[in-house]
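Only a predicted model underlies this, so the values are computations on that prediction, with no experimental measurement involved.
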Amino acid sequence: MTSTVKNYANLMPLLKKRGFINIIQNQDTFLNDYGPAGTLLRHNILKQWWDTMVNQQSNVFPMENMLTVALKQANVGQGDVSCIERNNNTYQELLMPDYKSKYLQVLKLTNYRLPFSITSVRSTLSARTPAMTSEIQSQSDLKEFLLGDCNRTRLLLQNFILPSSRNKTFDFWLHLRLSWWKNFSNKPADFHVSSENSKNSQTGSNENGTENGMSPKCINIVYHFPWGMETIEKVHSLGDQPFQDPSNVEQEKYKGLVTGKEPSLPHCIVCDTNLETATAALLVDSYYERRMTSTDSTTRPSMVLKLHSQISPFQIAIAVSNTSTRPSELRHVCHHLEKDFKRNGVSLFNISEQGSTLEAHFKRNDQLGIHYTIIVSDSTISEGLISTRHRDTQIQKSSHIGTVVEDIKRNLSARLEHHS
């Protein structure tokens with residue numbers, strides 16, 4: 001079994017066929033929508049982001065946040081929002097009232113003690129995408145297909161810290177976020193960092209993009225898409241700029257308490273990504289073309305999405321052997337297995353009612369990114385044996401029906417720990 005050069009022209013039809021991304025034609029423009037598999041994938045990516053940024057950190061306070069209100073106040077039209085996203089200064093001005101109001105709420109909650117963080121998942125608008133053909137003809141078509149949605153789901157963490165810990169905290173978040181992307185990747189080397197300051201150097205900045213020995217103002221985490229590099233996350237170090245007031249009248253109320261020191265304005269570090277770009281990057285990263293070792297050069301490679309088991313739409317699938325002489329009894333077994341797996345927190349796709357061949361099931365499951373396929377057969381009734389097929393190795397392993405749930409759960413947990 002060998003890998004082949006990826007033909008990304010096959011990726012778009014695959015994602016459409018398996019319900020990851022739909023194409024909706026609106027006059028001369030093609031808009032993106034997400035099918036069942038894409039919706040589950042997005043949900044799981046958001047769940048993993050939330051677990052890392054909220055559940056595993058200290059003093060993190062989630063807040064509902066709607067940027068559309070600020071857009072209306074700023075009189076920003078839909079076609080102008082992409083410019084705001086590209087212009088860091090305008091972006092900061094747009095969010096500044098939001099920074100301050102949310103910050104004050106949490107500052108009072110923590111009795112004016114720093115540090116703490118605020119997370120939010122907010123919906124924004126981007127410019128309408130240009131018209132795209134229904135069939136992919138170039139890498140730009142693939143880009144529009146994956147990134148051309150009009151809506152953006154922005155995932156934000158705003159970390160308010162002591163000024164003295166600015167560099168250390170910036171490095172912490174940058175390392176954490178880069179590691180997060182690499183952990184769910186098949187090719188971690190395709191995720192790396194790029195400094196905006198090194199491209200747009202300012203007075204007082206050195207060749208490494210640092211200003212007077214301080215951390216870079218903005219580091220981009222970028223991914224190598226087929227069409228080139230795209231920023232998938234920004235880690236900003238804003239200092240105390242959002243709270244500066246020339247009159248010094250307003251800024252006093254924003255100061256946090258520091259043990260043994262005078263109250264001071266917080267420094268703010270922001271981690272900023274969006275769910276649509278994350279989904280696109282992890283889908284492209286998972287795409288794999290597998291060719292069985294053969295002397296026949298005409299053998300077509302099989303397409304696989306090697307999604308991490310914690311973000312794939314389903315972790316396992318159950319199928320009934322097509323050679324079974326007792327299908328009704330096996331479906332009853334499948335029903336009980338489904339309940340046991342779900343009770344243990346394992347997401348499952350039950351296809352036992354479908355009469356396709358096992359080879360057809362394997363092909364679909366591989367293209368959905370499903371990590372394991374559980375196969376029940378007549379030997380399940382007579383001997384209590386179940387076969388488990390692994391997506392990546394295609395090896396089938398027999399185990400007893402009484403241990404299969406715990407075995408799968410343990411294997412999935414070990415894979416998660418390996419990527420933590």
[X] bridged to [Y] by N-O distance under 4.0 Å:
X    : Y    : value
D366 : K363 : no
E406 : R410 : no
D340 : R343 : yes

Exercise: do [X] and [Y] side chains pair donor with acceptor under 3.5 Å:
X    : Y    : answer
Q48  : N44  : no
S185 : D285 : yes
R18  : Q367 : yes
N220 : E233 : no
S237 : R166 : yes
S399 : D407 : no

Do [X] and [Y] have side-chain heavy atoms sitting under 4.5 Å apart?
X    : Y    : result
F116 : I161 : no
H371 : Q315 : no
Y103 : P266 : yes

Checklist entry - Do the rings of W181 and F191 sit parallel, tilted or perpendicular, given the 30° and 60° boundaries? => result parallel
Next on the checklist: Parallel, tilted or perpendicular, judged at 30° and 60°: which one describes the rings of F184 and H308?
Outcome noted: perpendicular
Next on the checklist: Applying side chain to side chain donor-acceptor pair (under 3.5 Å) to T153 and E276, what does each step give before you reach the verdict?
Outcome noted: CA-CA 7 Å; T153 306; E276 289 70 27; 3.0 Å; yes
Next on the checklist: Once side-chain contact (heavy atoms from CB on, under 4.5 Å) is applied, do any residues pair with T277, and if so which ones, sequence neighbours excluded?
Outcome noted: L147, I232, N274
Next on the checklist: If the test is ring pair (Phe, Tyr, Trp, His ring centres under 6.0 Å), which one of W227, F225, Y288, Y287 qualifies with Y8?
Outcome noted: Y287
Next on the checklist: I need the L307 CG to L283 CG distance, nearest 0.5 Å.
Outcome noted: 6.0 Å
Item to check | OG1-CG distance between T279 and L146, expressed to the nearest 0.5 angstrom | outcome: 10.0 Å
